[in-house]
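These figures come from a predicted structure and were not determined experimentally. Here, residue 1 is the first one in the sequence, and each next residue gets the next number.
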Amino acid sequence: MNIVNRAAVGVRITVESAEFSQETDGEITFRPPGPVSAASWVTMSPSSFELGPGESRKVKVKVSVPHRPEPGERYIGILFKTPPRQTSKNVQVAGAVASQLMVNVPGKAIHKIVPEELQAPRFAFWGPIRLTLPIRNAGNIHRSYTGPKRLVATASGSRLAFPDFTVLGNSQRTLTTQWHSPPIFCVCDASVTIPTGQGKSVTRTTRIIVIPLPQIIGLLAAALGLFLLTRKGVRYQRALLAAARR
């Protein structure tokens, strides 16, 4: 790994290992390693050094896998940290940059994606309509749905693409997409097919009833107004005729 100091002042850098995991929105979270963490497999050289303005330094990372570990991926973070600096009002600010390592331990790879039900409002008045798909990776390696492999839902002839994403092993993701232009009125089924691994796929479907309620209310209000106006006109005409007879 090559570290470059693009600041105008020198800085001291310490290198530490950590674990990282994935939140449901895809954000990566780093945390201190546990007692049996794969972060202990990693050694960095040098582990601490000074870096002047504009200077760069190569850091070697060595991964030593212990005897007979569980197969699958391990998620290790390499943190490059700077010491805290004093600012005004007794506030200290420290910086850190992280690199992510996916260490694949040979052995049986488990591909098991478990999608939950496709979620959408049962009734909608108009677009956009949000579709949500929670996914859990019960396997031991990551799975990516990007490019031509991205997930695409269909609804009433429309293709609704989910964003590219990766779900780490033993992690969960919550995905969303938008149906921007549904029909004015329909009883529609939205569905998405998810490859779950080992050549298998499952389909999740939800029903959405689109009712143009604002337009219906507007038409009823216009019809009521026209009716009242017509009724008032009829009464006025009757009053004129009665006056003429007298």
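Neither Phe165 nor Leu168 shares a network with the other; the hydrophobic side chains, linked directly or stepwise wherever heavy atoms of I, L, V, M, F, W or Y lie under 4.5 Å apart, form separate groups for each. A single hydrophobic cluster is seen to contain both Val11 and Val15, as judged by linkage of ILVMFWY side chains at heavy-atom distances under 4.5 Å, directly or through other members. Residues Val103 and Val42 fall within the same hydrophobic cluster, defined by Ile, Leu, Val, Met, Phe, Trp and Tyr side chains chained together at heavy-atom separations under 4.5 Å. Hydrophobic cluster membership differs between Ile76 and Leu79, with clusters built from Ile, Leu, Val, Met, Phe, Trp and Tyr side chains linked at under 4.5 angstrom. Under a hydrophobic-cluster definition in which Ile, Leu, Val, Met, Phe, Trp and Tyr are linked whenever side-chain heavy atoms come within less than 4.5 Å, directly or via other members, Ile3 and Ile78 are assigned to the same cluster.
Note that NZ of Lys60 and CE of Met1 are 14.0 Å apart. Values are rounded to the nearest 0.5 Å. In this structure, the separation between CG on Leu151 and OG1 on Thr177 is 10.0 Å, given to the nearest 0.5 Å. Atom CG of Asn5 and atom CZ of Arg57 lie 13.0 Å apart (nearest 0.5 Å). Between the CG atom of Asn140 and the CZ atom of Arg74 there is a distance of 8.0 Å, given to the nearest 0.5 Å. One finds the OG1 atom of Thr166 at 7.5 Å from the CZ atom of Arg173 (value rounded to the nearest 0.5 Å). Summarising the geometry, atom CZ belonging to Phe30 is positioned 9.5 Å from atom OG belonging to Ser21; distances are rounded to the nearest 0.5 Å.
Among all heavy-atom pairs drawn from Leu131 and Ala120, the shortest one is CG-CB, 4.3 Å. Looking at every heavy atom in both residues, Met44 comes nearest to Ser17 through CE-N, 3.7 Å. Between Val167 and Asn137, the shortest heavy-atom distance links the atoms O-ND2, 3.3 Å. Across every non-hydrogen atom of Leu101 and Phe20, the tightest pair is O-CE2, 3.6 Å. Summarising the geometry of Ala155 relative to Trp179, their closest heavy-atom pair is O-CZ2, 3.6 Å, with the distance given to 0.1 Å. Listed here is the closest heavy atom pair of Ser48 and Thr14: OG-CG2, 3.8 Å.
Counting non-hydrogen atoms of neighbouring residues, nucleotides and ligands closer than 6.0 angstrom, the CZ atom of Arg130 reaches no more than 12 such neighbours.
The shortest distance between side-chain heavy atoms of Pro69 and Trp41 falls below 4.5 Å. Counting only heavy atoms from C-beta outward, the side chains of Val152 and Val192 never approach each other to under 4.5 Å. Using a 4.5 Å heavy-atom cutoff, the side chains of Gln172 and Pro134 are not in contact. Side-chain contact between Ser99 and Val61 is absent, with no heavy-atom pair separated by less than 4.5 Å. Contact annotation: the side chain of Ile208 approaches that of Ile129 to within less than 4.5 Å [non-hydrogen atoms, C-beta and beyond]. Between Phe49 and Arg12 there is no side-chain heavy-atom pair separated by less than 4.5 Å. Put simply, the side chain of Pro53 does not reach to within 4.5 Å of the side chain of Glu55, judged on heavy atoms. When side chains are defined from C-beta on, Leu51 does not count as touching Phe80, because their heavy atoms never get closer than 4.5 Å.
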> Under the side-chain contact (heavy atoms from CB on, under 4.5 Å) criterion, do Gln119 and Leu133 qualify, and how do the steps go?
Replying inline: CA-CA 6 Å; Gln119 301 170 7; Leu133 179 66; over 6 Å; no
> What do the steps show when you test Ile184 against Val210 for side-chain contact (heavy atoms from CB on, under 4.5 Å), and what is the final call?
Replying inline: CA-CA 7 Å; Ile184 294 179; Val210 182; over 6 Å; no
> So Glu27 and Gln22, side-chain contact (heavy atoms from CB on, under 4.5 Å) or not? Walk me through it.
Replying inline: CA-CA 6 Å; Glu27 182 180 352; Gln22 189 178 45; over 6 Å; no
>> Go through it in stages, so that I can follow the logic: the residues are Val202 and Thr193, the test is side-chain contact (heavy atoms from CB on, under 4.5 Å), and I'd like the CA-CA distance, side-chain angles, deciding distance and then a yes or no.
In response: CA-CA 6 Å; Val202 297; Thr193 299; over 6 Å; no
> Under the side-chain hydrogen bond (donor to acceptor under 3.5 Å, both in side chains) criterion, do Glu19 and Ser37 qualify, and how do the steps go?
Replying inline: CA-CA 7 Å; Glu19 297 176 325; Ser37 169; 2.7 Å; yes
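Arg150 forms no cation-pi arrangement with Tyr145, by the criterion of a distance under 6.0 Å to the ring centre and an angle within 45° of the ring axis.
Checked by atom type, the side-chain pair Thr29/Glu23 shows a donor-acceptor distance below 3.5 Å. No hydrogens or angles considered: nothing links the side chains of Ser191 and Thr203 as a donor-acceptor pair under 3.5 Å.
For Arg136 and Glu116, the salt-bridge test fails: no basic side-chain N is under 4.0 Å from an acidic carboxylate O.
Using a distance-only test at 3.5 Å, with no hydrogens or angles considered, a donor-acceptor pair links the side chain of Thr196 to the main chain of Lys200. Using a distance-only test at 3.5 Å, with no hydrogens or angles considered, no donor-acceptor pair links the side chain of Ser47 to the main chain of Ser45.
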